Amino acid sequence: MIPSPPALDTGRLAGLLFELCSQLHAERLHRLALEAALMNAGLLTHDMLDGMAADSELRERGRQAAEESVARLMRVLTEGTDQRTPLRATRAAGQQGD
């Protein structure tokens, strides 16, 4: 018999979502400030920035960083003995099938 998942803690998930949104906003603000400082110093132009977006190595590094970030987030959601960890039961069921 497959165990039923724990009750969904929507308050906790909403809190996590708001925390992630806050972190994303702060990262975006820092990036924009850095871009502006580099442009004001004459070290970066809009064309250079657009050209970097086409760089496959840079895109790959960005993809890897995003995957690592998601893996860390999933670890927070799935590991630990706290029954309130949102996906702990899902992780445990997946490990039993390994």
Side-chain angles (χ1 to χ4, degrees):
M1 175 183 254
I2 298 174
S4 61
L8 182 62
D9 185 347
T10 54
R12 187 171 178 182
L13 288 175
L16 178 62
L17 177 63
F18 284 119
E19 173 63 25
L20 291 172
C21 289
S22 175
Q23 289 178 18
L24 177 62
H25 177 70
E27 290 290 329
R28 183 176 294 128
L29 219 61
H30 288 138
R31 179 185 50 84
L32 290 171
L34 180 59
E35 287 175 9
L38 290 171
M39 286 181 186
N40 290 341
L43 300 172
L44 183 67
T45 66
H46 288 287
D47 289 340
M48 291 169 66
L49 195 56
D50 290 342
M52 292 175 77
D55 183 324
S56 61
E57 184 179 322
L58 181 60
R59 284 196 322 265
E60 178 61 21
R61 284 184 17 222
R63 185 193 62 73
Q64 287 176 346
E67 285 182 9
E68 290 168 5
S69 180
V70 169
R72 284 191 302 273
L73 173 62
M74 292 308 294
R75 189 169 53 246
V76 167
L77 292 173
T78 60
E79 292 180 0
T81 57
D82 187 344
Q83 288 293 335
R84 296 171 296 174
T85 302
L87 301 176
R88 189 181 74 76
T90 304
R91 169 93 171 159
Q95 286 178 340
Q96 289 174 355
D98 290 343

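On a predicted model such as this, the values are computed, not experimentally measured, just so you know. Just the heavy atoms: all of them, side chains too, but no hydrogens, waters or symmetry mates, feed the values below.
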Rounded at 0.5 Å granularity, tell me how far [atom1] in [X] sits from [atom2] in [Y].
| X | Y | atom1 | atom2 | result |
| --- | --- | --- | --- | --- |
| E27 | S69 | CD | OG | 9.0 Å |
| H25 | L29 | NE2 | CG | 5.0 Å |
| C21 | L16 | SG | CG | 9.5 Å |
| L34 | M39 | CG | CE | 10.0 Å |

Practice task
Please check if F18 and L24 belong to a single hydrophobic cluster, counting links between Ile, Leu, Val, Met, Phe, Trp and Tyr side chain heavy atoms closer than 4.5 Å.
Solution key: no
Donor-acceptor list for residues 51-64 side chains, cut-off 3.5 Å, not counting sequence neighbours:
unit_1	atom_1	unit_2	atom_2	d
D55	OD1	E57	N	2.8
D55	OD1	L58	N	3.1
R59	NH1	A54	O	2.9
E60	OE1	R63	NE	3.1
E60	OE1	R63	NH2	3.4
E60	OE2	R63	NE	3.4
E60	OE2	R63	NH2	2.3
E60	OE2	Q64	NE2	3.3
R63	NH1	E67	OE1	3.2
R63	NH1	E67	OE2	2.3

